Amino acid sequence: MTELEAGRAGTLAPVHGGAALGRYRDILIALIAFAVLASLPLFTGSKALLDFVIRCSAYGLFATSLNLLVGYTGLTSFGHGMFFGLGAYSFGLIMQKLGVPIPVAFVATLAITAVIAAVIGAICVRLKEIYFAFVTLAFQMLIHSTILSWASFTGGDQGLRGGIPRPAFLGINLANHVHLYVASCALLILGLLAMRQIAQSPFGYTLRMIRDNATRASFLGIDVWRTKLTVFVLAAVFAAMGGTVMALFVSGAYPEFAYWTISGEAIFINMLGGVSTFLGPMVGTVLLLLLNDTVTRFTEYHGIVLGIVILFFALGLRKGLLDFVAEWFSQRRDAGEGR
């Protein structure tokens, strides 16, 4: 038995070593990416470029969190935008009503979102496929209606007025545009790194098993409902991080942040970038924002142009851009090895 255990340990050691190496590699890449983004203000004085990166941070966190559900678990949510809106409104209201330090408000926002997501998810994840999708949409419409009707608290269709207080903390002043930019980049990199570790963990591979065959996963002893609920709550928390960044960027929160179209944008982003690669949603975010910013300068019919782009990816490539590139490189590598 001792020899067998020793042999098994010797077999598993390279696996654990490879996982640790991959984790350190991800951390190194994250640090390099943050250093590049944080140094951008040193090389350019373009406020428009910094604003673009902040918007990419907000939508990138939001879209990547949706991919935890769609790409890794096979749960297509039509109402994921409710958590983006919840993050923006929760953070803004906490800062306006309570005046607590920003880190406290940020943690409280994530906690509130997690609790609400647990309640909603406990109902939704029991459903399958199209029923799950439409029930999440129904909850989003409920939250959006609550925001509109509770005008004394949320500001109604005018949104949160009066701005969001930004008291300095630890030498960081988010009222300063450069400080806000660096903080947004830090949240983006930390959020992406955390989601990457989740996707590459045993829990992430359990999500893939449920996506491919939930019945078999259940037979193997996996609690499918609890696993789906856990990833639903995690995805909601990361979406709320994106909503918080957006609230700080616009110094407010608006009903559009929780409207069903925001969920459609997240799905569109994943279609553009791809759902089978981790960075696909980030690529899709950059593409969508560039398309919006470019097309709206030349025509008011930007919806038609975006519709044509959707048809190109859906009918032409039949996958997201990064998925297409990854598959192309894989085919080239396999062809080279075949020779």
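It should be emphasised that the depicted structure is a prediction, and the values quoted were computed from it without experimental measurement.
Residues Leu272 and Val283 are not in side-chain contact: their nearest non-hydrogen atoms beyond the backbone lie 4.5 Å or more apart. With a 4.5 Å cut-off on side-chain heavy atoms, Thr206 and Thr227 count as touching. Phe139 has its side chain out of reach of Phe78: every pair of non-hydrogen atoms, C-beta onward, lies at least 4.5 Å apart. Within the 4.5 Å cutoff, the side chain of Tyr59 has no heavy atoms near those of the Leu288 side chain. Contact of the Ser57 side chain with the Leu187 side chain is not registered, since no non-hydrogen atoms from C-beta on lie closer than 4.5 Å. When side chains are defined from C-beta on, Thr64 does not count as touching Leu68, because their heavy atoms never get closer than 4.5 Å. Residues Phe134 and Leu137 have side chains in contact (heavy-atom distance under 4.5 Å, counting atoms from C-beta outward). At a threshold of 4.5 Å between non-hydrogen side-chain atoms, the residues Ile120 and Ile143 count as touching.
The distance from atom OG of Ser276 to atom CG of Leu322, rounded to the nearest 0.5 Å, is 8.0 Å. Put simply, CH2 on Trp260 and OG1 on Thr136 are 13.5 Å apart, with the number rounded to the nearest 0.5 Å. For the atom pair Thr76 OG1 and Phe132 CZ, the distance stands at 8.0 Å (nearest 0.5 Å). Note that CD1 of Ile54 and CG of Leu188 are 11.5 Å apart. Values are rounded to the nearest 0.5 Å. Atom CE of Met95 and atom CG of Leu160 lie 12.5 Å apart (nearest 0.5 Å). Taken to the nearest 0.5 Å, the OH atom of Tyr205 stands 11.5 Å off from the CE atom of Met209.
Contact record, Val245 with Ser184: CG1-OG, 3.7 Å, taken as the closest heavy-atom pair. Nearest heavy-atom pair, Arg166 versus Ile102, reported as atom, atom and distance to 0.1 Å: CA-CD1, 3.9 Å. Between Ala183 and Leu174, the shortest heavy-atom distance links the atoms CB-CD2, 3.7 Å. Closest approach of Leu66 to Ala266, counting heavy atoms only: CD2-CB, 3.6 Å. Between Gly81 and Ile262 the shortest heavy-atom distance is CA-CG2, 3.4 Å. Nearest heavy atoms, Leu69 versus Ala235: CG-CB, 3.9 Å.
Taking the six-membered ring wherever Trp is involved, the centroid distance between the rings of Phe257 and Tyr89 does not fall below 6.0 Å. Note: Tyr181 and Phe52 fail the aromatic proximity criterion, with ring centroids not under 6.0 Å apart.
Aromatic ring pairs are classed by plane angle as parallel below 30°, tilted from 30° to 60° and perpendicular above 60°; the pair Phe62 and Phe84 is tilted. The aromatic rings of Tyr259 and His144 are tilted relative to each other, their planes meeting at an angle between 30° and 60°.
Formation of a donor-acceptor pair under 3.5 Å by the Thr294 side chain with backbone atoms of Leu290 is found in this model. Remark: the backbone N or O of His80 is paired with a side-chain donor or acceptor of Ser77 at under 3.5 angstrom. The closest donor-acceptor contact from the side chain of Thr277 to the backbone of Leu279 lies at 3.5 Å or more, if one exists at all. Between the side chain of Asp323 and the backbone N or O of Gly273 there is no donor-acceptor pair closer than 3.5 Å. The backbone N or O of Ala199 lies less than 3.5 Å from a partner atom in the side chain of Arg208, making a donor-acceptor pair. Arg211 contributes a side-chain N or O that, together with a main-chain N or O of Gly71, makes up a donor-acceptor pair within less than 3.5 Å. A donor-acceptor distance shorter than 3.5 angstrom exists from the side chain of Ser251 to the backbone of Ile164, with no hydrogens or angles considered. In this structure, Thr73 contributes its side chain and Leu75 its backbone to no donor-acceptor pair below 3.5 Å. The main-chain N or O of Gly163 is found under 3.5 Å from a side-chain atom of Gln96 such that the two form a donor-acceptor pair. Panel note: side chain Ser90, backbone Gly87; no donor-acceptor pair is recorded below 3.5 Å.
Using a 4.5 Å cut-off between side-chain heavy atoms of Ile, Leu, Val, Met, Phe, Trp and Tyr, with links allowed through other members, Ile210 and Leu229 fall into different hydrophobic clusters. Criterion: ILVMFWY side-chain heavy atoms under 4.5 Å apart, direct or through other members. Under it, Ile112 and Leu98 are part of a common hydrophobic cluster. Hydrophobic clustering (ILVMFWY, side-chain heavy atoms < 4.5 Å, transitive): Tyr131 and Val119 are in distinct clusters. Cluster annotation: Trp225 and Leu234 are assigned to the same hydrophobic cluster (Ile/Leu/Val/Met/Phe/Trp/Tyr, side-chain heavy-atom contacts under 4.5 Å, transitive). Side-chain heavy atoms closer than 4.5 Å link hydrophobic residues (I, L, V, M, F, W, Y) into clusters, and following such links, possibly through other members, connects Ile172 to Val104.
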Subject >> Step-by-step side chain to side chain contact (heavy atoms under 4.5 Å, CB included) determination, Ile198 to Phe238 >> reply: CA-CA 12 Å; Ile198 291 172; Phe238 289 113; 3.8 Å; yes
**OP:** Output, in order, the C-alpha distance, side-chain angles, deciding distance and verdict of salt bridge (charged side-chain N to carboxylate O under 4.0 Å, His left out) for Asp223 and Lys228.
**Re:** CA-CA 9 Å; Asp223 191 332; Lys228 286 183 177 181; over 6 Å; no
Original post:
side chain to side chain contact (heavy atoms under 4.5 Å, CB included) between Thr230 and Phe203: does it pass, once the steps are laid out?
Top reply: CA-CA 10 Å; Thr230 301; Phe203 176 74; 3.8 Å; yes
Subject >> Step-by-step side chain to side chain contact (heavy atoms under 4.5 Å, CB included) determination, Val70 to Ile267 >> reply: CA-CA 9 Å; Val70 177; Ile267 293 173; 5.9 Å; no
Original post:
How far apart are the C-alpha atoms of Tyr254 and Ile147, what are their side-chain angles, what is the distance that settles it, and do they pass the side chain to side chain contact (heavy atoms under 4.5 Å, CB included) test?
Top reply: CA-CA 9 Å; Tyr254 302 94; Ile147 291 172; over 6 Å; no
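Judged by a 6.0 Å distance limit and a 45° cone about the ring axis, Arg216 is not positioned over the six-membered ring of Phe219.
A donor atom on one side chain and an acceptor atom on the other are found under 3.5 Å apart for Gln140 and Ser263.
Using a cut-off of 4.0 Å between Lys/Arg side-chain N and Asp/Glu carboxylate O, Lys47 and Asp51 are scored as salt-bridged.
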